[in-house]
Each structure stands twice: as structure tokens, then as C-alpha cells.
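See structure below.
Keep in mind that the numbers below use all heavy atoms, side chains included, and drop hydrogens, waters and symmetry copies. Protein chains get the first letters and strands the later ones, always in sequence-line order, with residue 1 at the start of each.
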Amino acid sequence: MHRRKFVKKGTLTALASIVGADIVFGKNLPIDYKLLGLQDPDPFKMFNKDSQMVVLNDKPWNIEAQAHLLNDTITPNKYMFIRNNGKIPEDIDLANWTITFDGESVKQKKTYSLDELKSKFKQYTYQLTLECGGNGRSEFNPPAKGNQWTIGAVSCATWTGVRLRDVLEAIGIKDDAVYIGYHAADTHLSGDPKKEPISRGVPMAKALQDETLLAFKMNGAAIPLAHGYPLRLVAGGWPASASGKWINGISVRNKVHDGTKMTGTAYRVPCNAVAPGDKVKDEDMCIIESMPVKSLITSPKTGAILKEGKSLDINGHAWAGELKVAKVEYSIDFGSTWKTCALEAPTNRLAWQHFSATIQFPKKGYYEVWAKATDSKGIAQPMVLPGWNPKGYLNNACHRIAIKIS
Amino acid sequence: MENKEKVQNSFKQIRHLAIGIFCVFMAMAVMLLYLLVDPTLSAFKFDSGKKATTNEYVSVPESDADFDKIENGVHVRTGFVEGDGLMLVVNNCTNCHSAKLVTQNRMSKERWLATIRWMQETQNLWDLGLNEEPIVNYLATYYTPTEEGRRKNLNAIEWYELED
């Protein structure tokens with residue numbers, strides 16, 4: 001009789017091995033079922049992105065632009081990078097979406113619906129530069145871990161919403177308020193419902209700036225899902241991770257917010273410069289605030305071949321975190337000589353500025369056009385990589401394109 | 001008498017066994033035939049309302065053999081390079097995020113281990129037990145840093161004639 005039992009068991013194993021792949025996959029189904037809905041094989045269609053956008057990671061979705069895609073003065077959705085730390089929330093119920101203000105330093109806890117926010121407070125529109133703190137990470141050496149962003153994790157769209165300051169003033173905040181931290185509806189990759197994938201924030205001074213918005217529109221339309229629909233905190237000029245997506249809570253803290261990715265090495269750099277590859281203790285890491293001065297040549301696309309004697313028009317954008325850009329220069333001889341570009345004023349504070357120039361090349365050959373921006377405090381972009389840091393943040397080294405004169 | 005019964009009994013057992021085995025083989029034959037017709041087992045998927053979603057998840061594994069196919073030294077499903085410890089890495093490192101978050105990175109053995117510790121402390125990664133050593137060795141062998149210098153040459157330039 002034992003033998004028959006054995007045969008039976010063997011059959012099951014045999015059957016399982018035939019359909020094995022599907023059974024194994026099936027096991028994942030209940031957990032990831034919804035996520036897989038978002039794991040559509042064509043992210044470009046799913047997120048309305050241009051097919052030239054580069055997918056760095058498909059779970060979670062992390063997608064960047066290329067320099068020449070960012071030529072628009074106002075970045076359209078199709079060229080806007082996506083940075084996700086967790087899973088994009090689904091089944092968003094607009095009518096019942098609320099945002100709750102709490103924390104040690106609110107005078108009273110308060111919850112608003114989206115409609116209340118929109119009707120109770122005046123609305124403002126600003127064009128705001130959002131750059132991922134890790135933009136340019138791929139160039140660090142020794143390599144820094146995380147998504148290997150090249151140059152395309154930056155955008156400058158218009159955002160419409162209410163001022164965070166107006167809402168905080170209506171609620172009432174105590175004198176001991178130090179920081180705000182956001183809470184959002186995205187979920188942790190491990191599926192653990194108790195874990196927040198990211199919960200960052202900004203000091204009160206930044207929270208209370210005119211341009212710090214609770215936004216519900218991007219480029220005049222509802223914010224696309226991947227960019228924070230239906231409500232996003234937007235704090236331009238700072239690492240884009242401070243601009244929480246899908247937010248449903250703001251805590252006003254009496255200390256530096258200690259949510260996920262506020263501590264350890266996340267979005268921090270060594271307080272004092274270190275040699276490449278050095279180990280840095282957590283307590284010697286400082287939170288990144290304003291992003292550094294940077295520029296991007298967005299036209300022409302790198303690789304242009306011109307006939308000898310033809311001039312080349314270049315243009316692009318420059319930004320400097322909290323500051324204005326004072327000057328943009330270009331060089332075609334690897335920095336030996338620099339010429340000044342025409343530079344426009346920003347539409348509003350924290351928006352990128354446009355530069356342009358017409359270049360003559362002296363003779364045939366291979367050239368690189370380098371652009372270098374200088375901020376209003378006289379600080380310029382470095383031509384080589386700036387200070388190494390363990391997580392590879394703040395690479396604002398000059399951008400360059402290759403040109404051939406034939 | 002007793003002996004005869006014994007013999008009859010064993011015959012019975014053998015016959016039962018034979019029928020059992022025959023049934024199993026028939027069942028397997030039917031399964032295999034069915035798989036020829038419908039390799040993705042699509043007829044067994046849930047209600048059609050959810051079809052869009054389910055289609056996406058079944059479209060990957062065509063059959064068991066293809067599921068972990070290796071082509072030109074690359075594990076097709078994940079993009080990991082072939083090497084000792086590959087399947088341990090596939091099975092432990094693609095559950096939460098895709099393999100792309102791993103393969104984008106280059107680290108020393110020590111830093112791979114530190115990354116694993118960080119995920120264990122903060123991201124719910126489990127204890128890898130005896131698999132830790134081969135996993136770290138695989139990562140440090142195939143995803144190891146190369147000396148890049150302070151600024152690289154521009155590479156992979158797609159040259160084109162610029163029209164006015």
C-alpha cells in the first residue's frame with residue numbers, strides 16, 4: 001500500500017513540474033496582483049512617456065530623460081523623469097481623498113478634503129525645477145549604489161495648488177515647529193503595510209516659502225498618476241524627494257523629521273568632504289537642502305556633424321537650487337577658454353533659466369561643447385566630478401555634447 | 001488455501017498498481033497534449049474581466065524550460081549574467097524590486113554585504129543563511145567596480161548630419 005501512496009505523491013510532483021512555472025508565479029499573484037497591473041510591459045504607454053525615455057528600473061518604476069528631450073521651456077509630462085521608492089498607489093478615490101495635519105507642533109489636528117483645500121485657500125501657479133538628488137550618480141567612482149541616473153532626472157513643469165504656508169497658518173502652528181514631514185499613499189516594495197517607502201520633509205523656513213505648494217495640477221491639468229495624483233507637495237530647488245507624491249498627511253514636527261529616507265545615508269552627504277570611497281559614519285552625514293548650480297545643453301542632440309564654416313546654435317537650461325543663475329558660459333576647447341551665453345531671467349523664483357549661444361568652429365575635427373553655469377553667489381559648476389559621497393548625490397559636473405566638423 | 005489467497009491478493013495489488021500507473025500516465029499524456037495546444041494554460045485563468053492583467057503575467061513563462069532560459073550568458077528573464085550562484089540571486093533578489101536595481105550597481109564584496117545588511121535592517125529583507133556567502137560572491141564577481149577616473153570620455157555617440 002505504501003507503494004501506491006508513493007506513486008500518488010510522485011504524480012503530484014510530476015504534475016507540479018509540468019506546470020511548475022505557473023504555480024511558482026501564481027504564488028506571487030495575490031501579493032503583487034495589483035502591482036502587476038501597473039507592470040504593463042509598455043511603460044511608455046502606461047505613463048504617457050516618450051519612447052526615447054530610458055527605463056532604469058521597472059519595479060519600482062524609475063525612468064529618466066535624455067538631454068535633448070528636455071529642450072522645452074516647460075517640461076511636458078512625456079519627458080518628465082519618474083523616481084519611485086515604493087509602489088504607485090492605485091484605486092485613488094478623489095472624492096474621499098483627505099490630507100491630515102498633525103505632529104507635535106500643530107495647535108490642533110486637522111483634516112481637509114481636496115475640495116476644501118481648493119475652495120478655502122487661494123491658488124497659485126509656479127514653474128518649479130525638480131531634480132532628483134541622485135541625478136548624475138552613474139558617474140561617481142567608486143560607484144555609488146542605487147539607480148544609476150545619468151543626466152535626465154530633472155524637470156521644470158508648472159505646478160498649481162495652494163500655499164502650504166496658508167494652510168499651516170489656518171491650522172495654527174506652535175513656536176517650537178522645526179520641520180514638516182509628509183506621509184503618502186504609496187506602499188513598500190516588501191508588501192509590508194506598516195512601512196512607509198519614503199516620508200521626507202523640509203525645515204519650516206522652506207515649508208513657509210511662497211513657492212512651496214500643495215499642488216493638484218501639473219502643466220494645467222490633473223497631475224499624472226506617476227507624478228503624485230491627486231496631491232503633491234512641491235518644494236522646488238531641493239532634492240525632488242522632498243516633493244512628496246500622493247500625499248495624505250503632513251506632520252509638523254518639533255525636531256528634524258525622522259521619517260523613512262530622512263536618516264542614515266539617504267539624501268545626505270558627508271558634512272565634511274571625504275576621499276573617494278571613504279566610510280562615513282551616519283552621524284557625520286548632513287541632510288541635502290538646496291540643490292547646486294547646474295546646466296544642460298538640450299539642443300542640438302549630442303553627435304551632430306556640421307560642414308566646415310557652418311555655425312552652431314546651442315541652447316539649454318540652467319538652475320541653481322534656491323539661488324538664481326548669474327551666468328552661463330560655453331567652451332569648445334575643454335575649458336581653456338570660455339565664452340558667455342545669452343541668459344534669460346527665470347519665469348519665477350526656483351524655475352530654470354534658458355541660455356543660448358551661436359558657436360563658430362575654427363577648423364575641422366572633433367569637438368566637445370561644454371556648458372558651465374555660475375550661481376548668484378559666484379559658485380560655478382566643476383568640470384570634473386564634485387566631492388565623492390557614499391550615495392552619489394549632487395553631481396553637478398558640466399554637461400557636454402560631442403560635435404564633428406567635416 | 002491461505003497461500004492461494006495470498007497469491008490472489010498480490011495479483012490484485014499488482015493489478016491495482018498497474019491500473020494506477022496507467023491512469024497516471026494517461027493523465028500526464030492528456031496534460032502534455034493540452035500543453036501543446038495551450039502552452040500558457042490560458043483556459044484556466046480567472047474570469048475574463050481581469051484578463052488584461054492576467055495576460056501580462058502569463059505572457060512571460062512559455063514553459064518550464066524557457067522560464068529560466070540562459071542566452072548568450074545572460075539569464076533572459078532577469079538580465080543577470082550566468083555564473084555560480086545565479087539562481088540563488090534570482091530567487092532572493094528579485095522579489096521586491098526588479099533585477100535592474102541590482103544589475104545597475106557595481107560594488108566590492110564588502111559593500112554588497114553592507115547593502116544586504118541595510119536591506120535586512122530597514123527593508124524587510126530576510127536572513128539569507130547559508131546562501132549569503134554564494135550570493136555575495138556572485139555579486140562581487142560579476143558586478144564589481146571598474147576604475148573609471150574622474151570624468152570619462154563621451155561614448156556611444158550616435159553621429160548624425162545636422163540640418164539647418
Q: Please determine, among A/Leu312, A/Asn62, A/Leu56, the option with the most heavy-atom pairs under 4.5 Å with chain B.
A: A/Leu56
Q) In terms of heavy-atom proximity below 4.5 Å to chain A, should B/Ser108 be classed as side chain, backbone, both, or neither? A) neither
**Q.** Least distance between heavy atoms, A/Ala304 atom then B/Trp159 atom
**A.** O-CZ3, 3.9 Å
Q | From A/Lys195 atom NZ to B/Thr122 atom OG1, the distance as rounded to the nearest 0.5 Å | A | 6.0 Å
Q.
When you compare the side chain of B/Gln123 with that of A/Leu189, does any pair of heavy atoms fall below 4.5 Å?
A. no
Q. Given that the side chain runs from C-beta out, which part of B/Glu121 has a heavy atom under 4.5 Å from chain A: side chain, backbone, both or neither?
A. neither
Q.
With a strict 4.5 Å heavy-atom criterion, list every residue of residues 143-152 of chain A that contacts chain B, or say none.
A. A/Pro143, A/Ala144, A/Lys145, A/Gly146, A/Asn147, A/Gln148
Q: Sort B/Thr103 into side chain, backbone, both or neither according to what part of it lies under 4.5 angstrom from a heavy atom of chain A.
A: neither
Q. So which of A/Glu368, A/Lys310, A/Lys301 has the largest heavy-atom pair count under 4.5 angstrom toward chain B?
A. A/Lys301
Q: Can you sort out the partners of A/Asp192 under side chain to side chain donor-acceptor pair (under 3.5 Å), two or more places apart, ordered by chain and number?
A: B/Asn124
Q: Quick one: pull up NZ in B/Lys152 and CG in A/Leu385 and give me the separation to the nearest 0.5 Å.
A: 10.0 Å
Q: Please look at B/Leu162 and chain A and tell me whether the side chain, the backbone, both or neither of the residue comes under 4.5 angstrom of a heavy atom of that chain.
A: both
Q: Identify the heavy atoms of B/Lys100 and A/Asp58 that sit nearest to each other, and give their distance.
A: NZ-OD2, 3.3 Å
**Q.** Student check: side-chain heavy atoms of B/Tyr160 and A/Thr302 closer than 4.5 Å
**A.** no
Q) Would the number of heavy atoms belonging to other residues, nucleotides or ligands and lying under 6.0 Å from CG of A/Asp333 be above 12? A) yes
Q.
Assess whether a salt bridge exists between B/Arg151 and A/Glu139, defined as any Lys/Arg side-chain N lying under 4.0 Å from an Asp/Glu carboxylate O.
A. yes
Q) Do any of residues 397-406 of chain A come closer than 4.5 Å to chain B, heavy atom to heavy atom, and if so which ones, in number order? A) A/Ala397, A/Cys398, A/Arg400, A/Ile401, A/Ala402, A/Ile403, A/Lys404
**Q.** Validation row: B/Arg150, A/Pro276 side chains within 4.5 angstrom (heavy atoms)
**A.** yes
Q: Would you check if the side chain of B/Glu158 reaches a backbone N or O of A/Gly303 as a donor-acceptor pair within less than 3.5 Å?
A: no
Q. Could you state the interatomic distance from CG (A/Asn141) to CZ (B/Arg106), rounded to the nearest 0.5 Å?
A. 13.0 Å
(Q) Among residues at least two apart in sequence or on other chains, which ones pass side chain to side chain contact (heavy atoms under 4.5 Å, CB included) with B/Glu82? (A) B/Ile70
Q) So with a 6.0 Å cut-off around CD of A/Glu308, is the heavy-atom count from everything else above 12? A) yes
Q) Can you tell me how far the NE2 atom of B/His97 sits from the NZ atom of A/Lys87, to the nearest 0.5 Å? A) 12.0 Å
